[in-house]
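Heads up, the thing below is written out as structure tokens.
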Amino acid sequence: MIGQTAISQPQTFSVEAWYRTTSTQGGKLVGFGNSSNGTSGQYDRHLYLQNDGSVTFGIYDGSTRTISSAPGTNDGDWHHVVGTFAPGSMKFYLDGVLQGTQSVNNAEGYTGYWRIGNDNLNAWPNQPASSGLAGTIDEVAIYPAALSADQVQTHFDAR
């Protein structure tokens, strides 16, 4: 169950969610942190909204590795986001469209919890004004595999 079960350093995963907001304060959609509640001291493997409505997928491997969308998803419409990671590759999709890829060997190793809607974002690029999202988050899923582009498109089309 998300947020209640400690997981040891997931190295292959996909994190997926639907969200809608009109906030200009940004906030975390879903992420991995070393605390089950409150503020995590270690945190990454996350999807977060920037103040301008850009969405970022981030992994920490000794430095912050991110892929971001264009601004404007804080338009009040529903949006689908998926971040995938397998050692060597991270990919980020928004509304079924690949936003970018990056070569990353491994995510930071720590035991933690999948968190929805709020957790630490200190020191991440374009850190939003708020760590919590003022909006609606739905259909959050964590998979123990990197979803393929076809799988992401199928999930988006199922809306």
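Note that these values count all heavy atoms, side chains included, but never hydrogens, waters or copies made by symmetry. Sequential numbering from 1 along the given sequence is applied to the chain's residues. Remember, it's a predicted structure, so these values are computed and weren't measured experimentally.
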Parallel, tilted or perpendicular: ring planes of Tyr60 versus Trp124, cut at 30 and 60 degrees = perpendicular
Between CG of Leu98 and CD1 of Ile67, what distance do you get to the nearest 0.5 Å?
-> 7.5 Å
Measure the CD1-CG distance between Ile137 and Leu49 for me, rounded to the nearest 0.5 Å.
-> 9.5 Å
Side-chain donor-acceptor pair present, Ser14, Thr84, cut-off under 3.5 Å = no
Shared ILVMFWY cluster between Trp114 and Phe85, side chains joined below 4.5 angstrom?
-> yes
Candidate pair Ile142 and Val30, rule side chain to side chain contact (heavy atoms under 4.5 Å, CB included), full reasoning = CA-CA 10 Å; Ile142 309 296; Val30 183; 4.2 Å; yes
Just checking, any donor-acceptor pair under 3.5 angstrom between side chains of Ser148 and Asp150?
-> no
May I ask you to establish whether Arg45 and Tyr110 are in a cation-pi arrangement, using a distance under 6.0 Å from NZ or CZ to the six-membered ring centre and at most 45° from the ring axis?
-> yes
Measure the acute angle between the ring planes of Phe156 and Trp18, then classify it against the limits of 30° and 60° as parallel, tilted or perpendicular.
-> parallel
Under 3.5 Å: donor-acceptor pair, side chain of Arg115, backbone of Ser35 = yes
Verify, without hydrogens or angle tests, whether Gln102 (side chain) and Thr66 (backbone) share a donor-acceptor contact under 3.5 angstrom.
-> yes
Find out if a path of hydrophobic residues (ILVMFWY) with successive side-chain heavy-atom gaps under 4.5 Å connects Tyr48 to Val140.
-> no
When rounded to the nearest 0.5 angstrom, what is the spacing between CG in Leu29 and OG1 in Thr56?
-> 9.5 Å
Side chain Gln42, main chain Ser40, donor-acceptor under 3.5 Å | no
Arg20 CZ to Asp75 CG distance, which is reported to the nearest 0.5 Å | 11.0 Å
Without swapping roles, check the side chain of Thr73 against the backbone of Gly53 for a donor-acceptor pair under 3.5 Å.
-> yes
Going through the checks in order, is the ring pair (Phe, Tyr, Trp, His ring centres under 6.0 Å) test met by Tyr143 and His155?
-> CA-CA 13 Å; Tyr143 303 94; His155 291 194; 5.8 Å; yes
Under the 3.5 angstrom rule, does the side chain of Gln153 hit a backbone N or O of Ala149 as a donor-acceptor pair?
-> no
Using atom types as modelled and distance alone, determine if a side-chain donor or acceptor of Asp61 lies under 3.5 Å from a backbone N or O of Asn105.
-> no
Trp78 side chain near Asp138 side chain, heavy-atom distance below 4.5 Å | yes
Are the side chains of Ser131 and Asn120 in touch, meaning some heavy atoms are under 4.5 Å apart?
-> no
Is there a donor-acceptor pair closer than 3.5 Å between any side-chain N or O of Tyr43 and the backbone N or O of Asn122?
-> yes
Could you grab the distance from atom CG of Leu47 to atom NZ of Lys28, nearest 0.5 Å is fine?
-> 9.5 Å
List the steps, then state whether side chain to side chain contact (heavy atoms under 4.5 Å, CB included) holds for Asp119 with Phe32.
-> CA-CA 9 Å; Asp119 199 5; Phe32 192 72; over 6 Å; no
Are side-chain heavy atoms of His46 and Leu121 found at a separation under 4.5 Å?
-> yes
Any side-chain heavy atom of Leu147 sitting closer than 4.5 Å to one from Tyr93?
-> no
Any donor-acceptor pair under 3.5 Å from Gln11 side chain to Ala107 backbone = yes
Are Phe57 and Met90 side-chain neighbours, meaning at least one heavy-atom pair lies under 4.5 Å?
-> yes
Can you check whether Val55's main-chain N or O pairs, donor with acceptor, with Ser69's side chain at less than 3.5 Å?
-> yes
Is a side-chain donor-acceptor pair under 3.5 Å present for Asn74 with Thr21?
-> no
Hey, what do you get for OG (Ser130) to CG (Asn118), rounding to the nearest 0.5 Å?
-> 6.5 Å
